[in-house]
Amino acid sequence: RRPKKRTKIIEMMDELQKENVYIKDKERVEKLLCQLIQDGKSKLQIITDFDMTLSRFSINGKRCATCHNVLEDSTLVPESKKQILDELRDTYYPIEINAKMTIEEKIPFMMEWYTKGTGVLVECGLKQSDLSLAVKESNAQLREGCDWQFHALHEHSVPMLIFSAGIGDILEEIIKQHSQMYANMRVVSNYMDFNHDGMLVGFKGDLVHTYNKNEGALRNSDYFTTLKERRNIILMGDSMGDLRMADGVPNMQQILKIGFLNDNIEERLEKYKEAYDIVLVSDSTMDVPNAILKKIL
Ligand code: U5P
(Lines give C-alpha, C1' and ligand atoms only; values in the text may rest on other atoms or scores of the structure.)
Protein backbone atom coordinates (compact mmCIF):
# COMPACT_ATOMS: atom_id res chain seq x y z
CA ARG A 1 0.00 0.00 0.00
CA ARG A 2 1.22 3.45 -0.87
CA PRO A 3 1.59 5.88 2.05
CA LYS A 4 -1.16 8.47 2.21
CA LYS A 5 -0.14 11.75 0.57
CA ARG A 6 0.19 14.43 3.21
CA THR A 7 -0.12 17.35 0.85
CA LYS A 8 -2.98 16.15 -1.28
CA ILE A 9 -5.00 19.37 -1.48
CA ILE A 10 -1.95 21.45 -2.36
CA GLU A 11 -0.97 19.02 -5.09
CA MET A 12 -4.45 18.99 -6.53
CA MET A 13 -4.46 22.75 -7.02
CA ASP A 14 -2.79 23.81 -10.28
CA GLU A 15 -2.57 27.41 -9.10
CA LEU A 16 -0.24 26.36 -6.27
CA GLN A 17 2.14 24.55 -8.61
CA LYS A 18 3.34 27.67 -10.40
CA GLU A 19 6.97 28.77 -10.13
CA ASN A 20 6.17 32.05 -8.41
CA VAL A 21 4.30 30.36 -5.56
CA TYR A 22 6.36 29.63 -2.44
CA ILE A 23 5.10 27.52 0.44
CA LYS A 24 7.69 26.92 3.10
CA ASP A 25 5.71 24.59 5.34
CA LYS A 26 3.52 22.50 3.07
CA GLU A 27 2.19 20.31 5.84
CA ARG A 28 0.97 23.30 7.81
CA VAL A 29 -0.69 24.81 4.75
CA GLU A 30 -2.26 21.47 3.89
CA LYS A 31 -3.75 21.22 7.38
CA LEU A 32 -4.97 24.82 7.20
CA LEU A 33 -6.61 24.34 3.82
CA CYS A 34 -8.20 21.12 4.98
CA GLN A 35 -9.66 22.84 8.07
CA LEU A 36 -10.86 25.90 6.15
CA ILE A 37 -12.58 23.72 3.58
CA GLN A 38 -14.12 21.50 6.24
CA ASP A 39 -15.42 24.43 8.34
CA GLY A 40 -16.79 26.17 5.28
CA LYS A 41 -17.89 29.69 4.50
CA SER A 42 -19.91 30.27 7.67
CA LYS A 43 -16.72 30.21 9.74
CA LEU A 44 -14.69 32.35 7.36
CA GLN A 45 -13.72 36.02 7.26
CA ILE A 46 -11.22 37.86 5.08
CA ILE A 47 -8.82 40.52 6.28
CA THR A 48 -6.88 42.25 3.55
CA ASP A 49 -4.58 45.13 2.79
CA PHE A 50 -5.44 47.36 -0.18
CA ASP A 51 -2.48 49.03 -1.92
CA MET A 52 -0.42 46.49 -3.86
CA THR A 53 -2.49 43.64 -2.41
CA LEU A 54 -5.96 44.20 -3.84
CA SER A 55 -4.53 46.76 -6.20
CA ARG A 56 -1.93 45.96 -8.82
CA PHE A 57 1.76 46.69 -8.34
CA SER A 58 2.68 47.15 -11.97
CA ILE A 59 1.45 46.87 -15.50
CA ASN A 60 3.84 46.25 -18.41
CA GLY A 61 6.73 47.05 -16.13
CA LYS A 62 5.31 50.39 -15.01
CA ARG A 63 4.34 50.92 -11.37
CA CYS A 64 0.64 51.35 -10.73
CA ALA A 65 -0.57 54.11 -8.47
CA THR A 66 -1.19 53.64 -4.75
CA CYS A 67 -4.04 55.63 -3.21
CA HIS A 68 -1.56 58.35 -2.36
CA ASN A 69 -0.05 58.31 -5.84
CA VAL A 70 -3.47 58.89 -7.38
CA LEU A 71 -3.44 62.36 -5.88
CA GLU A 72 0.29 62.99 -6.20
CA ASP A 73 0.23 62.20 -9.91
CA SER A 74 -2.95 64.13 -10.65
CA THR A 75 -3.30 67.62 -11.99
CA LEU A 76 -4.92 68.57 -8.68
CA VAL A 77 -1.54 68.80 -7.04
CA PRO A 78 0.63 71.74 -8.17
CA GLU A 79 4.15 70.99 -9.44
CA SER A 80 5.83 72.54 -6.40
CA LYS A 81 3.91 70.22 -4.07
CA LYS A 82 4.52 67.22 -6.31
CA GLN A 83 8.21 67.77 -5.92
CA ILE A 84 7.94 67.74 -2.14
CA LEU A 85 5.83 64.57 -2.22
CA ASP A 86 8.30 62.88 -4.59
CA GLU A 87 11.16 63.74 -2.30
CA LEU A 88 9.26 62.31 0.65
CA ARG A 89 8.64 59.09 -1.25
CA ASP A 90 12.28 58.82 -2.30
CA THR A 91 13.29 59.21 1.33
CA TYR A 92 10.78 56.99 3.05
CA TYR A 93 9.70 54.26 0.61
CA PRO A 94 13.17 52.61 0.72
CA ILE A 95 12.74 52.47 4.50
CA GLU A 96 9.28 50.92 4.15
CA ILE A 97 10.70 48.04 2.09
CA ASN A 98 14.12 47.80 3.76
CA ALA A 99 14.82 44.15 4.58
CA LYS A 100 17.35 44.89 7.32
CA MET A 101 15.38 47.23 9.57
CA THR A 102 12.88 45.98 12.12
CA ILE A 103 9.27 47.15 12.17
CA GLU A 104 9.95 49.06 15.37
CA GLU A 105 12.83 50.90 13.72
CA LYS A 106 10.64 51.80 10.75
CA ILE A 107 7.68 53.16 12.69
CA PRO A 108 9.02 56.65 13.49
CA PHE A 109 9.95 57.14 9.83
CA MET A 110 6.51 56.05 8.66
CA MET A 111 4.91 58.50 11.10
CA GLU A 112 7.10 61.24 9.69
CA TRP A 113 6.28 60.35 6.09
CA TYR A 114 2.53 60.23 6.60
CA THR A 115 2.39 63.31 8.76
CA LYS A 116 4.40 65.39 6.28
CA GLY A 117 2.62 63.91 3.27
CA THR A 118 -0.90 64.48 4.49
CA GLY A 119 0.13 67.99 5.54
CA VAL A 120 1.20 68.74 1.95
CA LEU A 121 -2.05 67.31 0.54
CA VAL A 122 -4.09 69.57 2.79
CA GLU A 123 -2.16 72.56 1.46
CA CYS A 124 -3.21 71.69 -2.10
CA GLY A 125 -6.81 72.81 -1.71
CA LEU A 126 -8.18 69.46 -2.91
CA LYS A 127 -11.90 69.20 -3.49
CA GLN A 128 -14.00 66.14 -2.77
CA SER A 129 -15.66 66.47 -6.16
CA ASP A 130 -12.30 66.10 -7.93
CA LEU A 131 -11.40 62.72 -6.50
CA SER A 132 -13.38 60.65 -8.94
CA LEU A 133 -11.63 62.20 -11.94
CA ALA A 134 -8.21 61.81 -10.33
CA VAL A 135 -8.89 58.08 -9.94
CA LYS A 136 -10.15 57.83 -13.53
CA GLU A 137 -7.03 59.49 -14.87
CA SER A 138 -4.67 57.37 -12.78
CA ASN A 139 -3.37 53.92 -13.59
CA ALA A 140 -4.56 52.50 -10.26
CA GLN A 141 -6.05 49.09 -10.97
CA LEU A 142 -7.28 46.08 -9.11
CA ARG A 143 -5.53 42.76 -9.47
CA GLU A 144 -7.09 40.45 -12.02
CA GLY A 145 -9.72 38.39 -10.26
CA CYS A 146 -10.67 40.96 -7.62
CA ASP A 147 -14.02 41.54 -9.25
CA TRP A 148 -14.83 37.82 -9.10
CA GLN A 149 -13.60 37.64 -5.53
CA PHE A 150 -15.64 40.61 -4.28
CA HIS A 151 -18.74 39.31 -5.96
CA ALA A 152 -18.28 35.78 -4.63
CA LEU A 153 -17.62 36.90 -1.07
CA HIS A 154 -20.72 39.05 -1.16
CA GLU A 155 -22.80 36.29 -2.69
CA HIS A 156 -21.76 33.93 0.09
CA SER A 157 -21.99 36.57 2.84
CA VAL A 158 -18.35 36.31 3.86
CA PRO A 159 -17.20 39.53 5.53
CA MET A 160 -14.16 41.31 4.15
CA LEU A 161 -12.19 43.84 6.12
CA ILE A 162 -10.01 46.09 4.00
CA PHE A 163 -7.33 47.51 6.20
CA SER A 164 -5.33 50.18 4.49
CA ALA A 165 -2.68 52.74 5.20
CA GLY A 166 -3.77 54.38 1.97
CA ILE A 167 -6.63 56.87 1.71
CA GLY A 168 -10.14 55.53 2.35
CA ASP A 169 -11.94 57.89 -0.02
CA ILE A 170 -9.60 57.03 -2.91
CA LEU A 171 -9.61 53.33 -2.18
CA GLU A 172 -13.40 53.19 -2.30
CA GLU A 173 -13.41 55.16 -5.54
CA ILE A 174 -10.88 52.74 -7.12
CA ILE A 175 -13.05 49.78 -6.10
CA LYS A 176 -16.21 51.49 -7.41
CA GLN A 177 -14.63 52.32 -10.76
CA HIS A 178 -13.11 48.89 -11.33
CA SER A 179 -15.57 46.66 -9.50
CA GLN A 180 -18.16 47.39 -6.84
CA MET A 181 -18.32 48.24 -3.13
CA TYR A 182 -20.49 45.60 -1.49
CA ALA A 183 -22.30 45.57 1.83
CA ASN A 184 -20.04 42.85 3.26
CA MET A 185 -16.97 45.07 2.88
CA ARG A 186 -15.73 47.21 5.69
CA VAL A 187 -12.86 49.64 5.25
CA VAL A 188 -10.48 50.83 7.95
CA SER A 189 -8.21 53.49 6.52
CA ASN A 190 -7.32 57.17 6.54
CA TYR A 191 -10.44 59.09 5.55
CA MET A 192 -10.33 62.65 4.36
CA ASP A 193 -12.07 65.37 6.28
CA PHE A 194 -13.83 67.93 4.06
CA ASN A 195 -15.36 71.21 5.15
CA HIS A 196 -18.87 72.30 4.11
CA ASP A 197 -17.47 73.64 0.83
CA GLY A 198 -16.03 70.20 0.06
CA MET A 199 -12.43 71.31 0.58
CA LEU A 200 -9.93 68.97 2.20
CA VAL A 201 -9.05 70.27 5.64
CA GLY A 202 -7.39 67.23 7.21
CA PHE A 203 -7.79 63.55 7.92
CA LYS A 204 -10.21 61.93 10.34
CA GLY A 205 -9.30 59.79 13.33
CA ASP A 206 -6.05 58.07 14.10
CA LEU A 207 -3.45 57.75 11.40
CA VAL A 208 -3.04 54.29 9.90
CA HIS A 209 0.40 53.68 8.45
CA THR A 210 1.95 50.49 7.13
CA TYR A 211 3.33 49.39 10.48
CA ASN A 212 0.66 50.30 13.04
CA LYS A 213 -2.12 48.09 11.77
CA ASN A 214 -2.03 46.12 15.01
CA GLU A 215 -3.26 49.21 16.87
CA GLY A 216 -5.96 49.73 14.28
CA ALA A 217 -6.99 46.12 14.66
CA LEU A 218 -7.41 46.58 18.38
CA ARG A 219 -9.45 49.75 17.87
CA ASN A 220 -11.80 47.70 15.74
CA SER A 221 -12.32 44.98 18.29
CA ASP A 222 -16.11 45.58 18.18
CA TYR A 223 -16.15 44.58 14.53
CA PHE A 224 -14.23 41.42 15.27
CA THR A 225 -16.42 40.63 18.27
CA THR A 226 -19.54 40.62 16.10
CA LEU A 227 -17.77 38.11 13.86
CA LYS A 228 -16.47 35.90 16.61
CA GLU A 229 -18.11 32.79 15.21
CA ARG A 230 -16.04 33.31 12.09
CA ARG A 231 -12.92 31.85 13.60
CA ASN A 232 -11.08 31.10 10.36
CA ILE A 233 -9.25 33.91 8.63
CA ILE A 234 -7.66 34.38 5.27
CA LEU A 235 -5.28 37.31 5.55
CA MET A 236 -3.77 38.95 2.46
CA GLY A 237 -1.00 41.52 2.51
CA ASP A 238 2.12 42.78 0.84
CA SER A 239 4.15 44.00 3.78
CA MET A 240 5.39 42.62 7.06
CA GLY A 241 3.12 45.14 8.77
CA ASP A 242 0.07 43.50 7.25
CA LEU A 243 0.67 40.37 9.32
CA ARG A 244 -0.56 42.31 12.32
CA MET A 245 -3.95 43.15 10.82
CA ALA A 246 -5.59 40.25 12.64
CA ASP A 247 -4.23 41.18 16.06
CA GLY A 248 -7.18 41.47 18.38
CA VAL A 249 -9.38 38.96 16.60
CA PRO A 250 -10.97 37.02 19.45
CA ASN A 251 -11.47 33.31 19.21
CA MET A 252 -9.28 32.93 16.14
CA GLN A 253 -8.69 29.33 15.26
CA GLN A 254 -6.98 29.20 11.88
CA ILE A 255 -5.27 31.91 9.92
CA LEU A 256 -3.99 31.40 6.41
CA LYS A 257 -1.63 34.21 5.48
CA ILE A 258 -1.11 34.96 1.82
CA GLY A 259 1.64 37.45 0.98
CA PHE A 260 2.24 39.27 -2.27
CA LEU A 261 5.93 40.02 -2.73
CA ASN A 262 6.15 42.70 -5.39
CA ASP A 263 9.40 44.57 -4.89
CA ASN A 264 12.89 44.11 -3.42
CA ILE A 265 12.24 40.43 -4.01
CA GLU A 266 15.62 38.71 -3.53
CA GLU A 267 16.32 40.45 -0.26
CA ARG A 268 12.91 39.82 1.23
CA LEU A 269 11.91 36.38 -0.06
CA GLU A 270 13.29 34.40 2.90
CA LYS A 271 11.59 36.64 5.45
CA TYR A 272 8.30 36.50 3.56
CA LYS A 273 8.50 32.71 3.35
CA GLU A 274 8.98 32.58 7.12
CA ALA A 275 6.13 34.96 7.83
CA TYR A 276 3.49 34.17 5.20
CA ASP A 277 2.11 30.67 4.63
CA ILE A 278 1.92 31.25 0.89
CA VAL A 279 4.11 33.82 -0.90
CA LEU A 280 3.19 34.99 -4.39
CA VAL A 281 6.08 36.63 -6.18
CA SER A 282 5.34 39.21 -8.86
CA ASP A 283 1.83 37.91 -9.34
CA SER A 284 -0.62 40.35 -10.86
CA THR A 285 -3.63 38.15 -10.21
CA MET A 286 -5.88 36.86 -7.45
CA ASP A 287 -5.67 33.35 -8.92
CA VAL A 288 -4.31 31.67 -5.81
CA PRO A 289 -6.63 33.24 -3.22
CA ASN A 290 -9.56 32.71 -5.58
CA ALA A 291 -8.71 29.05 -6.15
CA ILE A 292 -8.69 28.56 -2.38
CA LEU A 293 -11.97 30.45 -2.00
CA LYS A 294 -13.56 28.28 -4.68
CA LYS A 295 -12.85 25.26 -2.51
CA ILE A 296 -14.32 26.84 0.61
CA LEU A 297 -17.39 28.73 -0.67
N1 U5P B 1 2.28 55.52 0.35
C2 U5P B 1 2.47 56.40 -0.69
N3 U5P B 1 2.61 57.75 -0.39
C4 U5P B 1 2.51 58.20 0.90
C5 U5P B 1 2.29 57.28 1.93
C6 U5P B 1 2.19 55.95 1.60
O7 U5P B 1 2.54 56.01 -1.84
O8 U5P B 1 2.59 59.41 1.13
C9 U5P B 1 2.13 54.08 0.02
C10 U5P B 1 3.08 53.19 0.77
O11 U5P B 1 4.23 53.00 0.02
C12 U5P B 1 2.28 51.90 0.94
C13 U5P B 1 0.85 52.33 0.80
O14 U5P B 1 2.59 50.97 -0.07
O15 U5P B 1 0.84 53.67 0.41
C16 U5P B 1 0.15 52.19 2.10
O17 U5P B 1 -0.72 51.19 2.08
P18 U5P B 1 -0.60 49.76 2.80
O19 U5P B 1 -0.42 48.81 1.66
O20 U5P B 1 0.57 49.74 3.74
O21 U5P B 1 -1.90 49.65 3.50
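Just so you know, ligand 1 is whichever comes first in the structure, and atom 1 is the first atom listed for that ligand. Both backbone and side-chain heavy atoms feed into the values below; hydrogens, waters and symmetry mates do not.
Between H151 and Y182, the two ring planes are perpendicular [angle over 60°; tilted spans 30° to 60°].
For the 3.5 Å distance criterion, the side chains of N290 and Q149 qualify, holding a donor opposite an acceptor.
No side-chain heavy atom of M160 sits under 4.5 Å from any side-chain heavy atom of Q45.
Residues lining ligand 1 at a heavy-atom distance below 4.0 Å are given as D49, D51, T66, H68, N69, E72, Y93, E96, W113, Y114, S164, A165, G166, T210, K213, D238, ordered by chain and residue number.
Judged as a side-chain hydrogen bond (donor to acceptor under 3.5 Å, both in side chains), and not counting sequence neighbours, E137 has no contacts. Listed by chain and number, the residues in a ring-ring contact (aromatic ring centres under 6.0 Å, His included) with H178 amount to none (sequence neighbours excluded).
Among residues at least two apart or in separate chains, salt bridge (Lys or Arg N to Asp or Glu O under 4.0 Å) pairs with a member in residues 90-110 are E104-R244.
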